[in-house]
Number of protein chains: 2
Amino acid sequence: MKIGTQAQEVADILIRDITSGDLPEGSRVSEPELSRRYGIGRGPLREAILRLEGMGLVVRAPHVGARVVTLSQSELVEIFAVREALEGMAARLAAKNMSDHELQELEALLDSHATYIKENKGQVYFDQQGDYDFHYRIIKGSHNQRLVRSLCDELYHLIQMYRKSSESSKRPEQALFEHQMILKALKDRDADLAEMLMRRHIGKARREIEQFIEASSA
Amino acid sequence: MKIGTQAQEVADILIRDITSGDLPEGSRVSEPELSRRYGIGRGPLREAILRLEGMGLVVRAPHVGARVVTLSQSELVEIFAVREALEGMAARLAAKNMSDHELQELEALLDSHATYIKENKGQVYFDQQGDYDFHYRIIKGSHNQRLVRSLCDELYHLIQMYRKSSESSKRPEQALFEHQMILKALKDRDADLAEMLMRRHIGKARREIEQFIEASSA
DNA sequence: ACTCAACATATTGTTAACAATCCTGACTTA
DNA sequence: TAAGTCAGGATTGTTAACAATATGTTGAGT
């Protein structure tokens, strides 16, 4: 049983608790309380909170403390703009760098999605998890470690917090088709097309949020 | 004199010391030593080091300690790929969101660069600082706070560490002309062109590094 | 009734000491 | 001589106590 430091363990626990909604947005992250709950000192706990702050999962104010981040819808749009840029580049690099084996695995993943959607129309959770798997593999396929870290270790936690705002799951067939088109571009090693398709795919989700803002502000 | 916490102060000092080369790459970041040097306890110092780790300026190994990061040239290429994606998006958003006043200031900045380059051929330091100012203003002009944070607070510190590898300063006239073309696209509110020009501008620096790798490995 | 000031409380910021782990160097042995 | 082993020292990880600051409450005054 490989055990890291207490700080790393509690940081992972906190990430799970926040992304799962157990610690809801805006709730206080109190050092004494969590210290008692997890039975550790405040030192490692502070270290964990510091790491979460670096990921943008919590915001800290001096002498006031930490709260789970609360993203406005416009801030969510900002995140999707960053995601569009980074994942577009990931797709571009993946078209060059993904191995044939990685491409085969990606194809198998999409095949399983296709059969699942046919059998079980509109199961939301699976689609969200499946969508994540697809994007995750392409990011890894870029073979750019910094891209992987920025997206998987930072942005995706935030997006997962607000997955209720991600409306793309309403049309799983449409999303699947877009995924298949991206896969085709990757197999053709067409970097330009892969980037463009990925950006449109993500931009669609962004525009849905933007429209929602306009609708609610009108 | 607004004074933050000791941790923030020493973090800023460490950032300066690293980016200026005072703490060279790969050197140890010892807690007792720095604790004595700055006359503070190890607690705030650890907090500062944690923040630097989040920025990627230092790497930490459990029970071993922190060292100033050492980037291989291939890792530097990875960073430039991320920068290309993010600053391209920044230019796209800036074309939409920059105010007329911001555009005027940017134009004035480029004018001062032009006269400076004419009068004082090839002053390297100024060109690097000026190049940074130009990019910084466009990033801010995107009015996307997350983009600003990712680029200015994280990536740019790393790039500044390795500014010796940034060979674009060899041709300040060429860089200035590319800047002027980007400005023109921004003034025309041509988002597509602004993004494309910015990506090519940054991609040029990336390719120079890639070529250097090929040359040194051959 | 409302505002403002002082106080009490709790939380964060900081320090110093203790425990656990790793690196160094000398010593042993094949 | 070279490799392995085992202390010794130093550094990081962790804890607990102390100091500084912010929040919330109480009370006086208008």
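Note on naming: letters A, B, ... go to the chains in the order of the sequence lines (proteins, then strands), and numbering restarts at 1 for each one. These values consider heavy atoms only, across backbone and side chains, with no hydrogens, waters or symmetry-generated copies. Given the structure is predicted, the values throughout are model-derived calculations rather than measurements.
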Over how many whole Å does the gap from A:H63 atom NE2 to C:dT14 atom C1' extend?
10 Å
Please check the phosphate of C:dG13 (OP1 and OP2 only) for any side-chain N or O of B:Q8 closer than 4.0 Å.
no
Quick check on DNA chain D: between B:A61 and A:P62, whose nearest nucleotide comes earlier from the 5' end?
B:A61
Tell me: CD of B:E31 to P of D:dT12, nearest whole Å?
5 Å
Mind grabbing the angle between the end helix axes of the helix from C:dA1-D:dT30 to C:dA30-D:dT1? Five pairs an end, 10° rounding.
10°
Taking atom P of D:dT21 as reference, at what distance in whole Å does atom CZ of A:R60 sit?
16 Å
Tell me: CD of B:E33 to C1' of D:dT12, nearest whole Å?
15 Å
How many angstroms lie between CD1 in B:I79 and CD in B:E154, if you round to the nearest 0.5 Å?
11.0 Å
A:R42 and A:E31: salt bridge (Lys or Arg N to Asp or Glu O under 4.0 Å), yes or no, with the steps?
CA-CA 6 Å; A:R42 277 177 53 213; A:E31 292 179 12; 3.0 Å; yes
Test side chain to side chain contact (heavy atoms under 4.5 Å, CB included) applied to B:M98 and B:R189, B:K140, B:K187, the passing residue:
B:R189
Would you call A:M161 and A:H157 a side-chain contact if the rule is heavy atoms closer than 4.5 Å?
no
Hey, are B:K204 and B:E178 close enough for a salt bridge, meaning a charged N less than 4.0 Å from a carboxylate O?
yes
Classify the ring geometry of A:H179 against A:H201: parallel below 30°, tilted from 30° to 60°, perpendicular beyond 60°.
perpendicular
With respect to the phosphate group of C:dT11, does any side-chain polar atom (N or O) of A:R36 fall under 4.0 Å of OP1 or OP2?
no
Interatomic distance, B:Q6 CD vs C:dG13 P [rounded to whole Å]:
11 Å
Residues 81-95 of chain A, side-chain donor-acceptor partners within the protein, below 3.5 Å, at least two apart:
{"residue": "A:R83", "atom": "NE", "partner": "A:E87", "partner atom": "OE2", "Å": "2.7"}
{"residue": "A:R83", "atom": "NH2", "partner": "A:E87", "partner atom": "OE2", "Å": "3.4"}
{"residue": "A:R83", "atom": "NH2", "partner": "A:Y156", "partner atom": "OH", "Å": "3.1"}
{"residue": "A:E84", "atom": "OE1", "partner": "A:R206", "partner atom": "NH1", "Å": "3.0"}
{"residue": "A:E87", "atom": "OE1", "partner": "A:H135", "partner atom": "ND1", "Å": "2.8"}
{"residue": "A:E87", "atom": "OE2", "partner": "A:Y156", "partner atom": "OH", "Å": "2.4"}
{"residue": "A:R92", "atom": "NE", "partner": "A:E195", "partner atom": "OE1", "Å": "2.5"}
{"residue": "A:R92", "atom": "NH1", "partner": "A:D192", "partner atom": "OD1", "Å": "3.3"}
{"residue": "A:R92", "atom": "NH2", "partner": "A:D192", "partner atom": "OD1", "Å": "2.7"}
{"residue": "A:R92", "atom": "NH2", "partner": "A:E195", "partner atom": "OE1", "Å": "2.8"}

Between A:R60 and A:E53, is a salt bridge (Lys or Arg N to Asp or Glu O under 4.0 Å) present by the stated rule, with each step listed?
CA-CA 7 Å; A:R60 273 190 347 144; A:E53 187 192 21; 3.5 Å; yes
Does the side chain of B:Q6 pick up a donor-acceptor pair with the side chain of B:Y38 at under 3.5 Å?
no
Phosphate-side-chain proximity, B:R28 and C:dC23, N/O vs OP1/OP2 below 4.0 Å
no
Going by heavy atoms closer than 4.0 Å, what residues in residues 37-57 of chain B are next to DNA chain D?
B:R42, B:R46
Counting side-chain heavy atoms from CB outward, which of C:dT12, C:dT14, C:dC22 is closest to A:S30?
C:dT12
